[in-house]
Number of protein chains: 2
Amino acid sequence: MHETAAATAEVDNSARPYHHGALRSELIAESLKTISERGVAAVSLRQLARDAGVTPAAPYHHFPDRAALFAAIIAEGHTLLYKRLGDAVSVAVDATAALRDMLVAYARFAADHPAHMRVMLRPEAGDPARHPEVADTRAVDLLRATVVAAQREGALPNADPEPWVQLFWSLAVGYVTLWVDGPVEARCHALGTTPEEMIERVGDAIASLLRRPRG
Amino acid sequence: MHETAAATAEVDNSARPYHHGALRSELIAESLKTISERGVAAVSLRQLARDAGVTPAAPYHHFPDRAALFAAIIAEGHTLLYKRLGDAVSVAVDATAALRDMLVAYARFAADHPAHMRVMLRPEAGDPARHPEVADTRAVDLLRATVVAAQREGALPNADPEPWVQLFWSLAVGYVTLWVDGPVEARCHALGTTPEEMIERVGDAIASLLRRPRG
DNA sequence: GACTGCATCTAAACAACGATCAGTTCACAT
DNA sequence: ATGTGAACTGATCGTTGTTTAGATGCAGTC
(Lines give C-alpha, C1' and ligand atoms only; values in the text may rest on other atoms or scores of the structure.)
Protein backbone atom coordinates (compact mmCIF):
# COMPACT_ATOMS: atom_id res chain seq x y z
CA MET A 1 0.00 0.00 0.00
CA HIS A 2 1.80 3.08 -1.22
CA GLU A 3 -1.14 5.37 -0.47
CA THR A 4 -2.95 6.33 2.70
CA ALA A 5 -6.47 4.95 2.55
CA ALA A 6 -9.29 6.90 4.14
CA ALA A 7 -11.15 5.13 6.92
CA THR A 8 -14.40 4.37 5.19
CA ALA A 9 -13.74 5.45 1.61
CA GLU A 10 -13.73 2.84 -1.09
CA VAL A 11 -11.80 4.84 -3.65
CA ASP A 12 -8.65 6.92 -3.56
CA ASN A 13 -10.06 10.36 -2.89
CA SER A 14 -6.79 12.17 -3.38
CA ALA A 15 -6.75 11.61 -7.13
CA ARG A 16 -10.48 12.06 -7.63
CA PRO A 17 -11.62 14.86 -9.93
CA TYR A 18 -14.22 17.41 -8.87
CA HIS A 19 -16.77 15.80 -11.14
CA HIS A 20 -17.31 12.12 -10.62
CA GLY A 21 -18.26 11.49 -14.21
CA ALA A 22 -20.57 8.53 -13.82
CA LEU A 23 -22.13 9.04 -10.43
CA ARG A 24 -25.65 8.12 -11.42
CA SER A 25 -24.76 4.72 -12.81
CA GLU A 26 -22.41 4.01 -9.92
CA LEU A 27 -25.13 4.85 -7.41
CA ILE A 28 -27.46 2.38 -9.08
CA ALA A 29 -24.78 -0.29 -9.31
CA GLU A 30 -23.80 0.08 -5.66
CA SER A 31 -27.45 0.07 -4.64
CA LEU A 32 -28.01 -3.23 -6.40
CA LYS A 33 -24.99 -4.69 -4.66
CA THR A 34 -26.17 -3.55 -1.25
CA ILE A 35 -29.73 -4.74 -1.88
CA SER A 36 -28.69 -8.24 -2.87
CA GLU A 37 -26.35 -8.49 0.09
CA ARG A 38 -28.33 -6.84 2.87
CA GLY A 39 -31.78 -5.91 1.54
CA VAL A 40 -33.54 -2.78 0.37
CA ALA A 41 -33.73 -1.27 3.85
CA ALA A 42 -29.92 -1.22 4.05
CA VAL A 43 -29.64 1.22 1.16
CA SER A 44 -28.66 4.69 2.34
CA LEU A 45 -28.02 7.59 0.02
CA ARG A 46 -25.34 8.86 2.40
CA GLN A 47 -23.55 5.51 2.46
CA LEU A 48 -23.73 5.31 -1.33
CA ALA A 49 -22.26 8.79 -1.52
CA ARG A 50 -19.45 7.82 0.86
CA ASP A 51 -18.66 4.71 -1.19
CA ALA A 52 -18.58 6.80 -4.36
CA GLY A 53 -16.34 9.40 -2.69
CA VAL A 54 -18.76 12.30 -2.98
CA THR A 55 -20.61 14.43 -0.47
CA PRO A 56 -24.09 13.50 0.83
CA ALA A 57 -25.78 16.08 -1.38
CA ALA A 58 -24.28 14.89 -4.65
CA PRO A 59 -26.78 12.06 -5.30
CA TYR A 60 -29.61 14.59 -5.18
CA HIS A 61 -28.45 16.00 -8.50
CA HIS A 62 -29.29 12.66 -10.09
CA PHE A 63 -32.31 11.57 -8.06
CA PRO A 64 -34.84 13.93 -6.48
CA ASP A 65 -35.10 11.61 -3.50
CA ARG A 66 -34.46 8.07 -2.32
CA ALA A 67 -37.64 6.79 -3.95
CA ALA A 68 -36.49 8.06 -7.35
CA LEU A 69 -33.40 5.87 -7.15
CA PHE A 70 -35.62 2.87 -6.51
CA ALA A 71 -37.93 3.93 -9.32
CA ALA A 72 -34.99 3.89 -11.73
CA ILE A 73 -34.09 0.38 -10.58
CA ILE A 74 -37.70 -0.73 -11.02
CA ALA A 75 -37.82 0.63 -14.56
CA GLU A 76 -34.60 -1.20 -15.38
CA GLY A 77 -36.04 -4.37 -13.85
CA HIS A 78 -39.20 -4.17 -15.89
CA THR A 79 -37.20 -4.06 -19.09
CA LEU A 80 -35.05 -7.02 -18.06
CA LEU A 81 -38.13 -8.98 -16.99
CA TYR A 82 -40.04 -8.26 -20.17
CA LYS A 83 -37.15 -9.56 -22.25
CA ARG A 84 -37.03 -12.80 -20.24
CA LEU A 85 -40.76 -13.36 -20.60
CA GLY A 86 -40.63 -12.63 -24.32
CA ASP A 87 -37.83 -15.15 -24.80
CA ALA A 88 -39.83 -17.76 -22.87
CA VAL A 89 -42.92 -17.25 -25.00
CA SER A 90 -41.04 -17.29 -28.29
CA VAL A 91 -39.58 -20.76 -27.76
CA ALA A 92 -42.69 -22.43 -26.33
CA VAL A 93 -44.39 -25.11 -28.43
CA ASP A 94 -47.92 -24.06 -27.48
CA ALA A 95 -49.74 -21.60 -25.26
CA THR A 96 -49.87 -23.99 -22.30
CA ALA A 97 -46.11 -24.41 -22.46
CA ALA A 98 -45.76 -20.65 -22.87
CA LEU A 99 -47.72 -20.00 -19.67
CA ARG A 100 -45.67 -22.58 -17.79
CA ASP A 101 -42.41 -21.21 -19.14
CA MET A 102 -43.35 -17.61 -18.39
CA LEU A 103 -43.85 -18.61 -14.78
CA VAL A 104 -40.47 -20.31 -14.65
CA ALA A 105 -38.85 -17.40 -16.49
CA TYR A 106 -40.29 -14.97 -13.95
CA ALA A 107 -38.73 -16.96 -11.12
CA ARG A 108 -35.42 -17.20 -12.93
CA PHE A 109 -35.42 -13.46 -13.41
CA ALA A 110 -35.88 -13.11 -9.65
CA ALA A 111 -32.98 -15.51 -9.08
CA ASP A 112 -30.68 -13.73 -11.51
CA HIS A 113 -31.68 -10.19 -10.49
CA PRO A 114 -32.67 -10.46 -6.83
CA ALA A 115 -31.98 -6.80 -6.16
CA HIS A 116 -34.24 -5.59 -8.95
CA MET A 117 -36.91 -8.04 -7.83
CA ARG A 118 -36.76 -6.93 -4.21
CA VAL A 119 -37.28 -3.31 -5.15
CA MET A 120 -40.04 -4.19 -7.61
CA LEU A 121 -41.90 -5.99 -4.83
CA ARG A 122 -41.43 -3.04 -2.48
CA PRO A 123 -44.62 -1.00 -2.38
CA GLU A 124 -43.41 2.36 -1.11
CA ALA A 125 -40.61 2.41 -3.67
CA GLY A 126 -42.99 2.07 -6.56
CA ASP A 127 -45.63 4.70 -6.17
CA PRO A 128 -46.93 5.18 -9.72
CA ALA A 129 -48.32 8.60 -8.83
CA ARG A 130 -44.82 9.96 -8.18
CA HIS A 131 -42.88 7.78 -10.62
CA PRO A 132 -45.02 6.71 -13.60
CA GLU A 133 -42.27 4.51 -15.06
CA VAL A 134 -42.80 1.90 -12.34
CA ALA A 135 -46.24 1.10 -13.80
CA ASP A 136 -44.97 -0.95 -16.71
CA THR A 137 -47.70 -3.00 -18.39
CA ARG A 138 -45.62 -4.74 -21.04
CA ALA A 139 -45.27 -7.97 -19.06
CA VAL A 140 -48.94 -8.25 -18.15
CA ASP A 141 -49.93 -7.40 -21.72
CA LEU A 142 -47.76 -10.25 -22.95
CA LEU A 143 -49.34 -12.51 -20.36
CA ARG A 144 -52.82 -11.54 -21.50
CA ALA A 145 -51.94 -12.32 -25.11
CA THR A 146 -50.67 -15.74 -24.04
CA VAL A 147 -53.81 -16.42 -22.01
CA VAL A 148 -55.97 -15.53 -25.04
CA ALA A 149 -53.86 -17.88 -27.17
CA ALA A 150 -54.42 -20.63 -24.60
CA GLN A 151 -58.15 -19.99 -24.82
CA ARG A 152 -58.00 -20.32 -28.61
CA GLU A 153 -56.16 -23.61 -28.18
CA GLY A 154 -58.84 -24.87 -25.82
CA ALA A 155 -56.53 -25.12 -22.83
CA LEU A 156 -58.55 -22.47 -21.00
CA PRO A 157 -62.30 -21.77 -21.07
CA ASN A 158 -63.42 -19.18 -23.62
CA ALA A 159 -64.58 -16.72 -21.00
CA ASP A 160 -63.16 -13.45 -19.68
CA PRO A 161 -59.37 -13.80 -19.83
CA GLU A 162 -58.75 -11.34 -17.00
CA PRO A 163 -59.19 -13.77 -14.09
CA TRP A 164 -56.66 -16.06 -15.75
CA VAL A 165 -54.29 -13.18 -16.28
CA GLN A 166 -54.66 -12.32 -12.62
CA LEU A 167 -54.14 -15.95 -11.64
CA PHE A 168 -50.83 -16.39 -13.45
CA TRP A 169 -49.64 -12.94 -12.49
CA SER A 170 -50.41 -13.57 -8.83
CA LEU A 171 -48.81 -16.98 -8.96
CA ALA A 172 -45.55 -15.59 -10.29
CA VAL A 173 -45.46 -12.65 -7.91
CA GLY A 174 -46.36 -14.85 -4.96
CA TYR A 175 -43.65 -17.37 -5.67
CA VAL A 176 -40.88 -14.83 -5.96
CA THR A 177 -42.20 -12.95 -2.93
CA LEU A 178 -41.87 -16.17 -0.95
CA TRP A 179 -38.49 -16.82 -2.49
CA VAL A 180 -36.39 -13.67 -2.50
CA ASP A 181 -37.01 -12.89 1.16
CA GLY A 182 -39.38 -15.58 2.33
CA PRO A 183 -39.54 -19.14 3.54
CA VAL A 184 -39.31 -20.92 0.19
CA GLU A 185 -35.54 -21.35 0.36
CA ALA A 186 -35.70 -23.08 3.77
CA ARG A 187 -38.81 -25.00 2.83
CA CYS A 188 -37.29 -26.39 -0.35
CA HIS A 189 -34.15 -27.33 1.53
CA ALA A 190 -36.25 -29.23 4.06
CA LEU A 191 -38.01 -30.98 1.18
CA GLY A 192 -34.71 -32.00 -0.39
CA THR A 193 -35.11 -29.78 -3.42
CA THR A 194 -34.32 -26.26 -4.61
CA PRO A 195 -36.47 -23.21 -5.37
CA GLU A 196 -35.40 -23.45 -9.00
CA GLU A 197 -36.70 -27.01 -9.20
CA MET A 198 -39.82 -26.23 -7.19
CA ILE A 199 -41.04 -23.56 -9.57
CA GLU A 200 -40.57 -26.02 -12.43
CA ARG A 201 -42.78 -28.48 -10.58
CA VAL A 202 -45.36 -25.81 -9.84
CA GLY A 203 -45.32 -24.94 -13.53
CA ASP A 204 -45.74 -28.61 -14.45
CA ALA A 205 -48.62 -28.85 -11.97
CA ILE A 206 -50.61 -25.99 -13.46
CA ALA A 207 -49.77 -27.15 -16.98
CA SER A 208 -51.06 -30.64 -16.18
CA LEU A 209 -54.39 -29.04 -15.25
CA LEU A 210 -54.51 -27.12 -18.52
CA ARG A 211 -53.86 -30.29 -20.49
CA ARG A 212 -56.71 -32.15 -18.86
CA PRO A 213 -59.72 -32.81 -21.17
CA ARG A 214 -62.21 -29.96 -21.30
CA GLY A 215 -65.20 -30.27 -19.01
CA MET B 1 -62.14 23.26 26.07
CA HIS B 2 -61.29 23.73 29.72
CA GLU B 3 -57.79 22.31 29.36
CA THR B 4 -54.70 23.43 27.46
CA ALA B 5 -53.88 20.91 24.76
CA ALA B 6 -50.27 20.22 23.89
CA ALA B 7 -49.27 20.90 20.30
CA THR B 8 -48.88 17.38 19.00
CA ALA B 9 -50.08 15.26 21.91
CA GLU B 10 -53.14 13.13 21.41
CA VAL B 11 -53.97 12.70 25.08
CA ASP B 12 -54.19 15.06 28.02
CA ASN B 13 -50.71 14.83 29.47
CA SER B 14 -51.46 16.80 32.59
CA ALA B 15 -53.64 14.08 34.10
CA ARG B 16 -51.51 11.17 32.89
CA PRO B 17 -50.01 8.88 35.51
CA TYR B 18 -46.34 8.00 35.58
CA HIS B 19 -47.07 4.52 34.31
CA HIS B 20 -49.09 4.33 31.16
CA GLY B 21 -50.66 1.02 32.05
CA ALA B 22 -51.29 -0.43 28.63
CA LEU B 23 -48.50 0.99 26.54
CA ARG B 24 -47.66 -2.21 24.72
CA SER B 25 -51.17 -2.77 23.39
CA GLU B 26 -51.58 0.90 22.53
CA LEU B 27 -48.31 0.89 20.60
CA ILE B 28 -49.53 -2.05 18.54
CA ALA B 29 -52.96 -0.50 18.01
CA GLU B 30 -51.51 2.84 16.91
CA SER B 31 -49.03 1.05 14.66
CA LEU B 32 -51.85 -0.77 12.89
CA LYS B 33 -53.67 2.50 12.39
CA THR B 34 -50.61 4.20 10.94
CA ILE B 35 -49.79 1.23 8.71
CA SER B 36 -53.24 1.05 7.17
CA GLU B 37 -53.28 4.80 6.60
CA ARG B 38 -49.72 5.51 5.47
CA GLY B 39 -47.84 2.23 5.17
CA VAL B 40 -45.28 0.31 7.19
CA ALA B 41 -42.47 2.75 6.44
CA ALA B 42 -44.42 5.53 8.16
CA VAL B 43 -44.28 3.75 11.52
CA SER B 44 -41.87 5.45 13.91
CA LEU B 45 -41.35 4.39 17.49
CA ARG B 46 -40.81 8.01 18.45
CA GLN B 47 -44.06 9.12 16.86
CA LEU B 48 -45.90 6.26 18.53
CA ALA B 49 -44.41 7.32 21.83
CA ARG B 50 -45.51 10.91 21.28
CA ASP B 51 -49.04 9.79 20.43
CA ALA B 52 -49.14 7.68 23.56
CA GLY B 53 -47.81 10.56 25.66
CA VAL B 54 -44.60 8.84 26.74
CA THR B 55 -40.94 9.54 26.13
CA PRO B 56 -39.07 8.07 23.15
CA ALA B 57 -37.37 5.45 25.32
CA ALA B 58 -40.56 4.01 26.81
CA PRO B 59 -41.43 1.68 23.93
CA TYR B 60 -38.07 -0.04 24.32
CA HIS B 61 -39.27 -1.57 27.59
CA HIS B 62 -41.89 -3.48 25.61
CA PHE B 63 -40.04 -4.17 22.36
CA PRO B 64 -36.27 -4.65 22.06
CA ASP B 65 -36.33 -2.82 18.76
CA ARG B 66 -38.58 -1.71 15.93
CA ALA B 67 -38.49 -5.15 14.31
CA ALA B 68 -39.85 -6.75 17.49
CA LEU B 69 -42.97 -4.58 17.28
CA PHE B 70 -43.51 -5.80 13.74
CA ALA B 71 -42.86 -9.38 14.83
CA ALA B 72 -45.64 -9.07 17.40
CA ILE B 73 -48.00 -7.80 14.72
CA ILE B 74 -47.02 -10.66 12.43
CA ALA B 75 -47.70 -13.24 15.15
CA GLU B 76 -51.11 -11.69 15.77
CA GLY B 77 -51.79 -11.72 12.04
CA HIS B 78 -50.91 -15.39 11.72
CA THR B 79 -53.45 -16.29 14.36
CA LEU B 80 -56.16 -14.19 12.73
CA LEU B 81 -55.34 -15.65 9.32
CA TYR B 82 -55.33 -19.23 10.52
CA LYS B 83 -58.77 -18.78 12.02
CA ARG B 84 -60.14 -17.41 8.74
CA LEU B 85 -58.68 -20.28 6.74
CA GLY B 86 -60.00 -22.82 9.21
CA ASP B 87 -63.49 -21.35 8.97
CA ALA B 88 -63.32 -21.47 5.18
CA VAL B 89 -62.28 -25.12 5.14
CA SER B 90 -64.90 -26.18 7.68
CA VAL B 91 -67.86 -24.95 5.61
CA ALA B 92 -66.64 -26.16 2.21
CA VAL B 93 -68.60 -28.97 0.55
CA ASP B 94 -65.49 -30.68 -0.85
CA ALA B 95 -61.74 -30.23 -1.08
CA THR B 96 -61.91 -28.31 -4.35
CA ALA B 97 -64.33 -25.85 -2.78
CA ALA B 98 -62.10 -25.71 0.28
CA LEU B 99 -59.07 -24.73 -1.80
CA ARG B 100 -61.08 -22.09 -3.63
CA ASP B 101 -62.52 -20.73 -0.41
CA MET B 102 -59.15 -20.68 1.34
CA LEU B 103 -57.87 -18.48 -1.45
CA VAL B 104 -60.82 -16.13 -1.13
CA ALA B 105 -60.54 -16.18 2.66
CA TYR B 106 -56.87 -15.25 2.43
CA ALA B 107 -57.75 -12.24 0.30
CA ARG B 108 -60.57 -11.24 2.63
CA PHE B 109 -58.20 -11.40 5.57
CA ALA B 110 -55.94 -9.01 3.70
CA ALA B 111 -58.89 -6.71 3.05
CA ASP B 112 -60.06 -6.78 6.66
CA HIS B 113 -56.59 -6.57 8.21
CA PRO B 114 -54.48 -4.64 5.69
CA ALA B 115 -52.01 -3.51 8.32
CA HIS B 116 -51.28 -7.03 9.53
CA MET B 117 -50.99 -8.19 5.93
CA ARG B 118 -48.59 -5.42 4.96
CA VAL B 119 -46.24 -6.27 7.81
CA MET B 120 -46.52 -10.00 7.10
CA LEU B 121 -45.43 -9.37 3.53
CA ARG B 122 -42.52 -7.21 4.70
CA PRO B 123 -39.34 -9.26 4.59
CA GLU B 124 -37.06 -7.35 6.95
CA ALA B 125 -39.78 -7.24 9.60
CA GLY B 126 -40.10 -10.99 9.66
CA ASP B 127 -36.66 -12.40 10.12
CA PRO B 128 -37.30 -15.84 11.64
CA ALA B 129 -33.77 -15.99 12.99
CA ARG B 130 -34.42 -13.05 15.32
CA HIS B 131 -38.13 -13.57 15.89
CA PRO B 132 -39.13 -17.24 15.60
CA GLU B 133 -42.84 -16.50 16.07
CA VAL B 134 -43.06 -15.03 12.57
CA ALA B 135 -42.43 -18.49 11.09
CA ASP B 136 -45.93 -19.81 11.69
CA THR B 137 -46.67 -23.01 9.77
CA ARG B 138 -50.27 -23.56 10.85
CA ALA B 139 -51.76 -22.03 7.70
CA VAL B 140 -49.54 -23.94 5.29
CA ASP B 141 -50.12 -27.16 7.23
CA LEU B 142 -53.85 -26.67 6.84
CA LEU B 143 -53.33 -25.98 3.16
CA ARG B 144 -51.33 -29.18 2.75
CA ALA B 145 -54.06 -31.22 4.45
CA THR B 146 -56.60 -29.72 2.06
CA VAL B 147 -54.41 -30.47 -0.95
CA VAL B 148 -54.07 -34.10 0.19
CA ALA B 149 -57.85 -34.27 0.60
CA ALA B 150 -58.24 -32.96 -2.94
CA GLN B 151 -55.89 -35.67 -4.15
CA ARG B 152 -58.00 -38.32 -2.40
CA GLU B 153 -61.07 -36.87 -4.09
CA GLY B 154 -59.39 -37.09 -7.47
CA ALA B 155 -59.37 -33.36 -8.07
CA LEU B 156 -55.57 -33.31 -8.05
CA PRO B 157 -53.10 -35.94 -9.33
CA ASN B 158 -51.88 -38.40 -6.71
CA ALA B 159 -48.31 -37.23 -6.81
CA ASP B 160 -46.18 -35.15 -4.45
CA PRO B 161 -48.56 -32.64 -2.80
CA GLU B 162 -45.83 -30.05 -2.19
CA PRO B 163 -45.89 -28.39 -5.61
CA TRP B 164 -49.63 -27.95 -5.21
CA VAL B 165 -49.18 -26.53 -1.75
CA GLN B 166 -46.63 -24.12 -3.16
CA LEU B 167 -48.96 -23.23 -6.02
CA PHE B 168 -51.91 -22.25 -3.85
CA TRP B 169 -49.71 -20.58 -1.29
CA SER B 170 -47.99 -18.50 -3.96
CA LEU B 171 -51.30 -17.66 -5.58
CA ALA B 172 -52.73 -16.28 -2.36
CA VAL B 173 -49.59 -14.37 -1.41
CA GLY B 174 -49.24 -12.98 -4.91
CA TYR B 175 -52.78 -11.73 -5.09
CA VAL B 176 -52.65 -9.90 -1.79
CA THR B 177 -49.19 -8.55 -2.61
CA LEU B 178 -50.66 -7.06 -5.77
CA TRP B 179 -53.66 -5.84 -3.84
CA VAL B 180 -52.63 -4.25 -0.59
CA ASP B 181 -50.00 -2.01 -2.18
CA GLY B 182 -50.03 -2.94 -5.82
CA PRO B 183 -51.83 -2.34 -9.08
CA VAL B 184 -54.80 -4.67 -8.53
CA GLU B 185 -57.05 -1.97 -7.15
CA ALA B 186 -56.56 0.29 -10.16
CA ARG B 187 -56.64 -2.63 -12.57
CA CYS B 188 -59.95 -3.92 -11.22
CA HIS B 189 -61.40 -0.42 -11.36
CA ALA B 190 -60.39 -0.16 -15.00
CA LEU B 191 -62.02 -3.54 -15.65
CA GLY B 192 -65.24 -2.41 -14.00
CA THR B 193 -64.94 -4.78 -11.06
CA THR B 194 -63.48 -4.92 -7.56
CA PRO B 195 -60.56 -6.81 -6.01
CA GLU B 196 -63.06 -8.69 -3.83
CA GLU B 197 -64.91 -9.89 -6.90
CA MET B 198 -61.74 -10.57 -8.86
CA ILE B 199 -60.35 -13.02 -6.31
CA GLU B 200 -63.67 -14.86 -6.41
CA ARG B 201 -63.29 -15.19 -10.16
CA VAL B 202 -59.69 -16.30 -9.84
CA GLY B 203 -60.87 -18.90 -7.33
CA ASP B 204 -63.61 -20.01 -9.69
CA ALA B 205 -61.06 -20.25 -12.50
CA ILE B 206 -58.70 -22.55 -10.65
CA ALA B 207 -61.64 -24.56 -9.29
CA SER B 208 -62.98 -25.05 -12.81
CA LEU B 209 -59.65 -26.61 -13.72
CA LEU B 210 -59.80 -28.97 -10.73
CA ARG B 211 -63.29 -30.05 -11.71
CA ARG B 212 -62.29 -30.98 -15.24
CA PRO B 213 -62.22 -34.74 -15.96
CA ARG B 214 -58.96 -36.45 -15.04
CA GLY B 215 -56.50 -36.92 -17.89
C1' DG C 1 -8.60 31.99 -27.01
C1' DA C 2 -11.68 34.29 -23.79
C1' DC C 3 -16.46 34.01 -22.20
C1' DT C 4 -20.45 32.09 -20.56
C1' DG C 5 -24.18 28.76 -19.49
C1' DC C 6 -25.23 24.92 -16.99
C1' DA C 7 -24.93 20.47 -15.02
C1' DT C 8 -22.27 18.75 -11.30
C1' DC C 9 -20.40 18.78 -6.98
C1' DT C 10 -19.10 20.92 -2.09
C1' DA C 11 -19.99 22.61 2.52
C1' DA C 12 -22.96 23.34 6.10
C1' DA C 13 -27.02 22.85 8.26
C1' DC C 14 -31.76 21.00 9.92
C1' DA C 15 -35.13 17.87 11.67
C1' DA C 16 -36.23 13.21 12.60
C1' DC C 17 -35.06 8.67 13.52
C1' DG C 18 -33.43 4.21 16.22
C1' DA C 19 -31.17 3.12 20.06
C1' DT C 20 -28.65 3.32 24.76
C1' DC C 21 -27.99 4.46 29.64
C1' DA C 22 -28.31 6.05 34.25
C1' DG C 23 -31.68 7.41 37.16
C1' DT C 24 -36.84 7.93 38.91
C1' DT C 25 -41.42 6.25 40.04
C1' DC C 26 -44.66 3.12 41.85
C1' DA C 27 -47.45 -1.26 42.21
C1' DC C 28 -47.16 -5.34 44.59
C1' DA C 29 -45.41 -9.31 47.13
C1' DT C 30 -43.29 -10.36 51.37
C1' DA D 1 -43.22 -1.38 56.31
C1' DT D 2 -40.22 -2.56 53.13
C1' DG D 3 -37.77 -3.37 49.15
C1' DT D 4 -37.72 -5.52 44.57
C1' DG D 5 -38.45 -5.08 39.89
C1' DA D 6 -41.00 -3.58 35.90
C1' DA D 7 -42.30 0.74 33.68
C1' DC D 8 -41.04 5.16 32.62
C1' DT D 9 -37.99 9.72 32.31
C1' DG D 10 -34.39 12.67 30.54
C1' DA D 11 -30.42 13.14 28.18
C1' DT D 12 -27.53 11.75 24.64
C1' DC D 13 -25.26 9.47 20.50
C1' DG D 14 -24.74 8.37 15.76
C1' DT D 15 -27.13 8.10 11.41
C1' DT D 16 -30.34 9.26 8.08
C1' DG D 17 -33.00 12.12 4.27
C1' DT D 18 -33.15 16.48 2.56
C1' DT D 19 -32.33 21.52 1.62
C1' DT D 20 -29.67 25.66 0.70
C1' DA D 21 -26.06 28.62 -1.01
C1' DG D 22 -22.02 28.60 -3.27
C1' DA D 23 -17.82 26.56 -5.83
C1' DT D 24 -16.20 24.08 -9.95
C1' DG D 25 -15.28 22.84 -14.52
C1' DC D 26 -16.91 21.06 -19.12
C1' DA D 27 -19.19 22.28 -23.71
C1' DG D 28 -20.04 25.18 -26.68
C1' DT D 29 -20.22 30.47 -28.61
C1' DC D 30 -18.43 34.83 -29.89
Side-chain angles (χ1 to χ4, degrees), chain A residues 6-28 30-31 34-35 38-73 119 122 124-125 127 130-131, chain B residues 6-28 30-31 34-35 38-73 119 122 124-125 127 130-131:
Chain A
T8 59
E10 193 158 85
V11 296
D12 180 9
N13 285 11
S14 60
R16 187 180 45 80
Y18 188 88
H19 286 82
H20 181 284
L23 183 56
R24 189 190 144 97
S25 59
E26 179 168 332
L27 288 173
I28 292 181
E30 285 296 318
S31 297
T34 301
I35 292 166
R38 309 200 324 272
V40 178
V43 172
S44 143
L45 288 186
R46 296 187 86 109
Q47 183 62 51
L48 291 174
R50 276 194 296 271
D51 292 347
V54 295
T55 61
Y60 287 87
H61 292 274
H62 299 277
F63 303 102
D65 53 20
R66 204 176 99 110
L69 167 64
F70 292 142
I73 291 174
V119 184
R122 188 56 73 112
E124 77 271 14
D127 183 0
R130 297 170 50 87
H131 304 281
Chain B
T8 60
E10 194 156 87
V11 296
D12 180 11
N13 285 11
S14 60
R16 189 179 45 80
Y18 188 88
H19 286 84
H20 182 282
L23 183 55
R24 190 190 142 96
S25 59
E26 179 168 333
L27 289 172
I28 292 181
E30 285 297 318
S31 296
T34 301
I35 292 165
R38 309 199 326 273
V40 178
V43 173
S44 141
L45 288 186
R46 296 186 85 110
Q47 182 62 51
L48 291 173
R50 276 194 296 271
D51 292 346
V54 295
T55 62
Y60 288 88
H61 291 273
H62 298 277
F63 303 102
D65 54 20
R66 203 175 99 111
L69 167 65
F70 291 141
I73 291 175
V119 184
R122 187 57 71 114
E124 76 270 15
D127 184 0
R130 297 170 51 87
H131 305 280

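Protein chains get the first letters and strands the later ones, always in sequence-line order, with residue 1 at the start of each. No hydrogens, no waters, no symmetry mates; every other heavy atom, side chains included, goes into these values.
Between B:Ser31 and B:Ile73 the shortest side-chain heavy-atom distance falls below 4.5 Å. Looking at B:Val43 and B:Arg66, their side chains come closer than 4.5 Å, going by heavy atoms from C-beta outward.
Of all heavy-atom pairs spanning A:Tyr60 and A:Asp65, the tightest one is CE2-CA, 4.2 Å. In terms of heavy-atom proximity, A:Phe63 sits nearest to A:Ala72 at CE2-CB, 3.9 Å.
Spacing between atom NE2 of A:His61 and atom P of D:dT24 amounts to 15 Å, rounded to whole angstrom units. Between the C1' atom of C:dC9 and the CG atom of A:Leu27 lies a distance of 12 Å, rounded to the nearest Å.
Residue A:His62 places none of its side-chain N or O atoms closer than 4.0 Å to OP1 or OP2 of C:dA7.
In this structure, A:Arg130 contributes its side chain and A:Ala71 its backbone to no donor-acceptor pair below 3.5 Å.
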Sort me out a list of protein N/O and nucleotides 15-18 of chain D N/O pairs below 3.5 Å, or just none if empty.
residue	atom	partner	partner atom	Å
D:dT16	OP1	A:Arg50	NH2	3.4
D:dT16	OP2	A:Arg50	NH1	3.3
D:dT16	OP2	A:Arg50	NH2	2.9
D:dG17	OP1	A:Leu45	N	3.1
D:dG17	OP2	A:Ser44	OG	3.3
D:dG17	OP2	A:Leu45	N	3.0
D:dG17	OP2	A:Arg46	N	3.1
D:dG17	N7	A:Arg46	NH1	2.8
D:dG17	O6	A:Arg46	NH1	2.7
D:dT18	OP2	A:Tyr60	OH	3.1
D:dT18	OP2	A:Arg66	N	2.9
D:dT18	O4	A:Arg46	NH1	3.2

